[in-house]
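Note sheet for the following structure.
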Number of protein chains: 4
Amino acid sequence: MGIQERRKIEKEKIKKEIHKAASEIIIEEGYSKLSIRKIASKIDYSPSLIYNYYENKADIVLSIWQEKSSKIIHTMSNLKLNDSNEETNIKNLFKTYINLILESPKEYRAIMLNNIDIIKKSNFDFTEEEKNSLKIKETKKKYDKYLEEGLLRHVDTEKYAFFSWISINGFISNMVLSNNQDKEFLNKLIDEYVDFMIYGLFKNN
Amino acid sequence: MGIQERRKIEKEKIKKEIHKAASEIIIEEGYSKLSIRKIASKIDYSPSLIYNYYENKADIVLSIWQEKSSKIIHTMSNLKLNDSNEETNIKNLFKTYINLILESPKEYRAIMLNNIDIIKKSNFDFTEEEKNSLKIKETKKKYDKYLEEGLLRHVDTEKYAFFSWISINGFISNMVLSNNQDKEFLNKLIDEYVDFMIYGLFKNN
Amino acid sequence: MGIQERRKIEKEKIKKEIHKAASEIIIEEGYSKLSIRKIASKIDYSPSLIYNYYENKADIVLSIWQEKSSKIIHTMSNLKLNDSNEETNIKNLFKTYINLILESPKEYRAIMLNNIDIIKKSNFDFTEEEKNSLKIKETKKKYDKYLEEGLLRHVDTEKYAFFSWISINGFISNMVLSNNQDKEFLNKLIDEYVDFMIYGLFKNN
Amino acid sequence: MGIQERRKIEKEKIKKEIHKAASEIIIEEGYSKLSIRKIASKIDYSPSLIYNYYENKADIVLSIWQEKSSKIIHTMSNLKLNDSNEETNIKNLFKTYINLILESPKEYRAIMLNNIDIIKKSNFDFTEEEKNSLKIKETKKKYDKYLEEGLLRHVDTEKYAFFSWISINGFISNMVLSNNQDKEFLNKLIDEYVDFMIYGLFKNN
DNA sequence: CATGAATGAGGATTCATTCAT
DNA sequence: CATGAATGAATCCTCATTCAT
């Protein structure tokens, strides 16, 4: 390992420390309390050091959001839905997503609530790109397949995929903001909500 | 018109200017960017003037929210649902609410996204009180009635009322954020969304 | 009574209201909390009214101080010291003064502590004029008389008059700042202090 | 001298500049006029700089007082009173204290007159804790010893220790406020005052 | 690479005061 | 006579950021 490589690794390490500290502050105290000073003091470096690793504060927040997003994208992309019952499969898809977000509700909430300019384009907030977002397209494909297989009552699959997701977002928003800590109750609620949302779609109900 | 009356009107006028300026800042830049200085500079007065009209910053924000919510409350309270088909009635209830909010989507968006402490008590945000909110209770009552009348499939009416509203909020959030201006398209989407959401509930579908 | 006279009386009345309100605020909340607005709201007039009766804030404070001073001067001037024992007489002189000040310790304290420019010249704080102040001269006269009468051990009466008063002031300062509310204890302490201070002066001790 | 050391010295220098500027403002204009802006403008730096050296305004004031009081405490603690005449010893104790304070009368005056919350705990102001202060206790001990040795007329030693110090404070206050610059005259006055105060206490007078 | 020094802009309030009405 | 409107200066403090070292 050359010296340059070692330096790169070292650099990456500090970058991650900054990232982590910032993330923790957001979770624990909220985005509005995030400050460069606070990050610096948390990692025991001077505030100015941070500017060697990130352009500015927004850059840090963006990186937090991107990490979050990419994890969600990755998990969702690699999700295996193998149940023989397709209704179960699609419900699991939604539940997986909901659970992913609710793993770190405070972070999501903090970012969601702060209208941060730099994050607006992301795939996971409810912006105008929503309709064209990957997750909607994927869901539409599934609905199309179910339709073909005669499982679904006749609907506009694209629209219903879209509706499904924005409803899910409504549920998530509410859960995130209500800050309910009771895991068991929450899981039951998730199940019931997905049932509620999907009920009318499948023929055999 | 006496001098006192004229003064009162003048006072009201400036109060409204402040209100409007603050509202615009919230809409355009987000709540976190709202400052007394900014309001003052927008209305071309000194910052201290504002304190002649409002107690403090919170007071301004509260007044914005109250204006908004009182209109919604009033309209919803006086809503007449006379259709012979109860499914239509409940759909109209949701549609009315959606339309009310989408009248000033940016304002709603700004306030919705900011979870402002002072506004927490209100009946129309989606905080933890959501489940106990007036509109959910009212909807539960309707669902109960439909259930009695044999119109509804057997569900937990309270839970479904709650789910209905958080789904609606998901839809509204998306509409608000997507900023779609095409009224006709929007109305069709609203119809379809409410159909989607309500479909599974009623027996005869 | 002419209209002008009535006006004058009315004017005087409001002036006194302002004076009283200001005094109360100083006593209850301290000089640093005194503000024109607070005075105005206490007397249920607008702040600007006050400027019809007093030049400015300093003017009000000055008038409070002057009232206090003139009362002290008046009482001290008219004090009758008739006891057959001259030591008792001089002690009563000191005690009267101490009690006068301690009647409104908070007011005294507030003014004493605030280094108010306008009051600096007064006869009753411990400024450079102290040595030439009326009360010292009077006390010297008494000491001279006692000396003549053979009651006093041989001292520089002027200096001892001066010393007496600055000691008294030390005592008062301490009492005022210590804010002791126990009247009985306080009276005993005053007695004892004056004893302590005077003890060495008189021959027969 | 390493770079770190030089930096430290530089830092200390500015800290002292701030300290000094604040002290001067307090002396010249009074504590109530002390402001961060004023300090900053006096040392030709921006107000925010000050927060790199002191936590806040209170921190500055505290440091001024601590510097002052620690010197006094140190000198008084190490004072050797070896005279064969105990009356002389106790007089010297008082005189030393008086002289220490009168070394920087304006600063003492400013602080003394302002009863600053942050300073309340100190041993050298004349607040309610006065009676329990170290110097009073020490003086009581001395008086007790003199009493045992048959030097003192019979008195309540605690009370007289207390009275002694508040009288001394009265004297100091007066000297400080009168701003007399004539050292020789002042020294004579100090002698005479302590004589005056102590005279009645000792038996052989 | 890391940092300490420094700043300027901005945050909410408070207040005495003036002035036209 | 009384006041409401308006202001400008002041308060402490926080922060992101730059720059020389």
Side-chain angles (χ1 to χ4, degrees), chain A residues 7 10-11 14 32-41 43-60, chain B residues 3-4 6-8 10-11 13-15 32-41 43-60, chain C residues 7 10-11 14 32-41 43-60, chain D residues 3-4 6-8 10-11 13-15 32-41 43-60:
Chain A
R7 267 193 191 152
E10 188 64 24
K11 184 149 191 162
I14 295 195
S32 70
K33 295 287 168 50
L34 179 68
S35 80
I36 295 287
R37 284 145 103 100
K38 213 172 239 167
I39 297 170
S41 108
I43 61 174
D44 266 324
Y45 280 104
S46 78
S48 29
L49 172 97
I50 290 169
Y51 291 88
N52 293 348
Y53 297 87
Y54 290 93
E55 286 268 311
N56 50 32
K57 200 178 155 184
D59 195 17
I60 302 173
Chain B
I3 192 165
Q4 291 209 343
R6 199 182 299 131
R7 265 195 187 150
K8 218 175 188 175
E10 189 65 23
K11 180 145 196 166
K13 210 182 104 196
I14 294 198
K15 208 169 173 179
S32 69
K33 298 287 168 51
L34 180 68
S35 82
I36 295 288
R37 274 148 114 103
K38 215 172 235 165
I39 297 170
S41 106
I43 61 174
D44 265 323
Y45 281 106
S46 76
S48 38
L49 174 96
I50 290 169
Y51 292 88
N52 290 354
Y53 296 87
Y54 289 93
E55 288 265 313
N56 49 32
K57 198 180 158 183
D59 194 19
I60 302 172
Chain C
R7 267 193 191 151
E10 188 64 24
K11 183 149 192 165
I14 294 195
S32 68
K33 295 285 167 53
L34 180 67
S35 79
I36 296 287
R37 284 146 103 100
K38 215 172 236 166
I39 298 170
S41 106
I43 61 174
D44 266 324
Y45 279 105
S46 79
S48 30
L49 172 98
I50 290 169
Y51 292 88
N52 292 349
Y53 297 88
Y54 290 93
E55 286 268 310
N56 49 32
K57 199 180 158 183
D59 194 17
I60 302 172
Chain D
I3 192 165
Q4 292 210 341
R6 198 181 300 128
R7 265 192 188 155
K8 219 174 186 175
E10 189 64 23
K11 179 143 196 168
K13 212 182 101 195
I14 294 198
K15 206 168 176 180
S32 67
K33 298 288 168 49
L34 180 67
S35 82
I36 296 287
R37 273 150 113 100
K38 216 173 234 165
I39 297 171
S41 106
I43 61 175
D44 264 323
Y45 280 105
S46 77
S48 38
L49 174 95
I50 290 170
Y51 292 90
N52 291 355
Y53 297 87
Y54 290 93
E55 287 265 312
N56 49 33
K57 199 179 156 183
D59 194 19
I60 301 173

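Below, each value reflects all heavy atoms present in this structure, side chains not excepted, and no hydrogens, waters or symmetry copies. Chain letters run A, B, ... following the sequence lines, proteins first, then strands; residues in each count from 1.
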**Study point:** Pairwise side-chain contact, B:Ile14 with B:Tyr45, heavy-atom cut-off 4.5 Å (strictly under)
**Key:**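 Side chain of B:Ile14 against side chain of B:Tyr45, heavy atoms only: contact under 4.5 Å found.
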Exercise for review: Could you check C:Ile14 against B:Glu10 and say which one's nearest nucleotide on DNA chain F is further toward the 5' end?
Suggested key: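 Taking each residue's closest nucleotide, the earlier one in sequence belongs to C:Ile14.
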Check your understanding: For C:Lys11 and B:Ser46, take the nucleotide of DNA chain F holding the closest heavy atom to each; which residue's nucleotide lies nearer the 5' end?
Key ->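 Its nucleotide being nearer the 5' end, the pick is C:Lys11.
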Point to revise | side-chain hydrogen bond (donor to acceptor under 3.5 Å, both in side chains) against D:Ser41, all qualifying residues, sequence neighbours excluded | key: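 With sequence neighbours excluded, D:Ser41 shows a side-chain hydrogen bond (donor to acceptor under 3.5 Å, both in side chains) to no residue whatsoever.
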Length of the [atom1]-[atom2] vector between [X] and [N], whole Å:
X       : N      : atom1 : atom2 : answer
A:Ile50 : F:dC15 : CD1   : C1'   : 12 Å
D:Tyr45 : E:dT7  : OH    : P     : 7 Å
D:Ile60 : F:dC13 : CD1   : P     : 9 Å
C:Leu49 : F:dA2  : CG    : C1'   : 6 Å
B:Lys13 : F:dA5  : NZ    : C1'   : 13 Å

Review point. Residues two or more places apart in sequence or in another chain: which of them pass side-chain contact (heavy atoms from CB on, under 4.5 Å) with A:Ser46?
Key: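 Checked A:Ser46 against side-chain contact (heavy atoms from CB on, under 4.5 Å); matches are A:Ser48, A:Leu49.
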**Study point:** Residues forming a side-chain contact (heavy atoms from CB on, under 4.5 Å) with D:Lys15, sequence neighbours excluded
**Key:**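 For D:Lys15, the residues satisfying side-chain contact (heavy atoms from CB on, under 4.5 Å) (neighbours in sequence not counted) are D:Glu12, D:Tyr53, D:Tyr54.
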Exercise for review: Indicate yes or no for a side-chain donor-acceptor contact from D:Lys13 to the backbone of D:Lys8 under 3.5 Å, with no hydrogens or angles considered.
Suggested key: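 No; judged by distance alone, with no hydrogens or angles, the pair does not exist.
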Review point. Hey, is the side chain of D:Tyr53 poking within less than 4.0 Å of OP1 or OP2 on E:dA6, counting only N and O atoms?
Key: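 Looking at the OP1 and OP2 atoms of E:dA6, one of them is under 4.0 Å from a side-chain N or O of D:Tyr53.
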Review point. Can you find a donor-acceptor pair, distance only, under 3.5 Å between B:Asn52 side chain and F:dA6 base?
Key: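 Result: at least one qualifying N/O pair found.
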**Study point:** Spacing of CD belonging to D:Glu55 relative to CD1 belonging to D:Ile60, to within rounding of 0.5 Å
**Key:**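 The CD1 atom of D:Ile60 is 11.0 Å from CD of D:Glu55, to the nearest 0.5 Å.
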Exercise for review: Give, for atom NZ of B:Lys33 and atom OG of B:Ser35, the distance between the pair rounded to the nearest 0.5 Å.
Suggested key: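 Here the rounded value is 11.0 Å.
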Practice item. Tell me what A:Tyr54 touches on the nucleic acid: a base, only sugar-phosphate, or nothing, going by heavy atoms under 4.0 Å. Key: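 Nothing: the residue A:Tyr54, judged by heavy atoms under 4.0 Å, touches no strand.
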Exercise for review: Please report the closest heavy-atom contact between D:Ile50 and D:Ile36, naming both atoms and the distance.
Suggested key: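 In terms of heavy atoms, the two residues are closest at CD1-O, 3.6 Å.
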Practice item. With sequence neighbours left out, write down each residue that passes salt bridge (charged side-chain N to carboxylate O under 4.0 Å, His left out) with D:Lys38, or none if nothing qualifies. Key: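 Residues passing salt bridge (charged side-chain N to carboxylate O under 4.0 Å, His left out) with D:Lys38: D:Glu29.
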**Study point:** Letter per nucleotide, 5' to 3', of nucleotides 15-21 of chain E [B base touched, S only sugar-phosphate touched, - untouched; heavy atoms, 4.0 Å]
**Key:** BBBBB-S
Check your understanding: Which dot-bracket string describes DNA chain E (Watson-Crick N1-N3 plus N6-O4 or O6-N4, or G-U N1-O2 and O6-N3, all under 3.5 Å; [ ] crossing; | other strand)?
Key -> .||||||||||||||||||||
